[in-house]
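Reminder, nothing fancy here: chain letters follow the sequence lines and each chain counts from 1. Side-chain atoms are counted along with the backbone in the values below, which use heavy atoms only and exclude waters and symmetry mates.
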Number of protein chains: 2
Amino acid sequence: MVESLQIQLKKGVLEMCVLALLSKGDNYAYDIASRMAEAVGMGEGTIYPLMRRMQNDGLVSTYLQESGSGPPRKYYKLTKSGAQALKSQISDWQTFETAVRKILGDVT
Amino acid sequence: MVESLQIQLKKGVLEMCVLALLSKGDNYAYDIASRMAEAVGMGEGTIYPLMRRMQNDGLVSTYLQESGSGPPRKYYKLTKSGAQALKSQISDWQTFETAVRKILGDVT
DNA sequence: AATAGTATCTTGCAAGACAAGGTACCGTGT
DNA sequence: ACACGGTACCTTGTCTTGCAAGATACTATT
């Protein structure tokens, strides 16, 4: 285990989940937030800064599309770099998960 | 999933791991930090504030013991409240882990 | 005496999750 | 016409917290 917890937890899990969702198809922030809210309780206020960060990091690109219900949606699309990051983060996550399971050990 | 990510990640994993270690026997911060550093890359500067927090929350109690090598060690011992918290946090962790696995889905 | 290891703790910083609020567009009901 | 609720975007301020770096102090070895 080389990386610090920061990478595993702080920069990590949310971004990884969003990348995973996008890997199944382009999507817009509001919908991503809804899914994540249901799954892991993430608030809507969290997603927009996160998406901007990911765009700055070159993990996603965006395009606008009219929706007919409300303002136009800003769709996010995984870049090659994003797909690569996803793979790497999944690997990190699994390593971390294994380490935690080992610490919990027979307490579980 | 009711609780926010805050509980799952921020307040969560490190504290849970420390509680799990203590559930296998009293220990002192320096040794806990060493084990955690090896397992999940946690820095030493993280453990002392964390232990204080946990003591304030009534999850652990402390006692001093001479060591013969260096300053006396401050041992931490799980309280009943701490043991309860551990159980609850493990349950939360497993819920979270499952949710993440579901999001990752067949990407993995 | 000097170094290295053990063990305690503090300080300052940066990242980020979230609540709360703001804007704006659309359709439905009154 | 108007209010409302839903969709969808985004910003601001606060609070937590993980971490690097350093301070302290005791013991044993060189």
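Distance A:Leu50 CG to C:dA17 P: 7 Å, rounded to the nearest Å. One interatomic measurement links the two molecules: CD1 of A:Ile32 to C1' of D:dA8, which rounds to 13 Å at whole-angstrom precision. Counting to the nearest Å, the C1' atom of D:dA8 and the CE atom of A:Met36 are 18 Å from each other. Regarding A:Gln65, its CD atom lies at a distance of 12 Å from the P atom of D:dA8, rounded to whole Å. D:dG18 atom C1' lies 8 Å from atom CG of B:Leu14, rounded to whole Å. The OH atom of A:Tyr48 sits 14 Å away from the C1' atom of C:dG21 (whole-angstrom rounding). Atom C1' of nucleotide C:dG16 and atom CZ of A:Arg52 are separated by 14 Å, given to the nearest angstrom. What separates CE of B:Met51 from P of C:dA7 is a distance of 15 Å, to the nearest Å.
Ring planes of A:Tyr63 and A:Tyr75: parallel class, angle under 30° (limits at 30 and 60°).
Expressed to the nearest 0.5 Å, how far CD of A:Gln55 lies from OG1 of A:Thr62 amounts to 4.5 Å. Taking CG of A:Leu19 as the reference point, atom CE of A:Met54 lies at 4.0 Å (rounded to 0.5 Å). Separating the CZ atom in A:Arg53 from the CD atom in A:Glu15 is a distance of 7.5 Å, to the nearest 0.5 Å. Atoms CG and CD, on A:Leu104 and B:Gln89 in that order, are 10.5 Å from each other to the nearest 0.5 Å.
The residue A:Gly45 sits close to a base: some heavy atom pair falls under 4.0 Å.
In this model, the phosphate group of C:dG16 is approached by a side-chain N or O of A:Arg53 to a distance below 4.0 Å at OP1 or OP2. Taking side-chain N and O atoms only, B:Tyr28 has a distance below 4.0 Å to OP1 or OP2 of C:dA7. Here A:Tyr30 does not reach the OP1 or OP2 of D:dC9: none of its side-chain N or O atoms lies under 4.0 Å away.
Residues B:Thr46 and B:Arg73 both approach DNA chain C. Their nearest nucleotides, taken by heavy-atom distance, put B:Arg73 toward the 5′ side. The residue among A:Pro49 and A:Pro71 whose nearest nucleotide of DNA chain D is located toward the 5' end is A:Pro71.
Residue-to-nucleotide contacts include a donor-acceptor pair under 3.5 Å from the side chain of A:Glu44 to the base of D:dC9.
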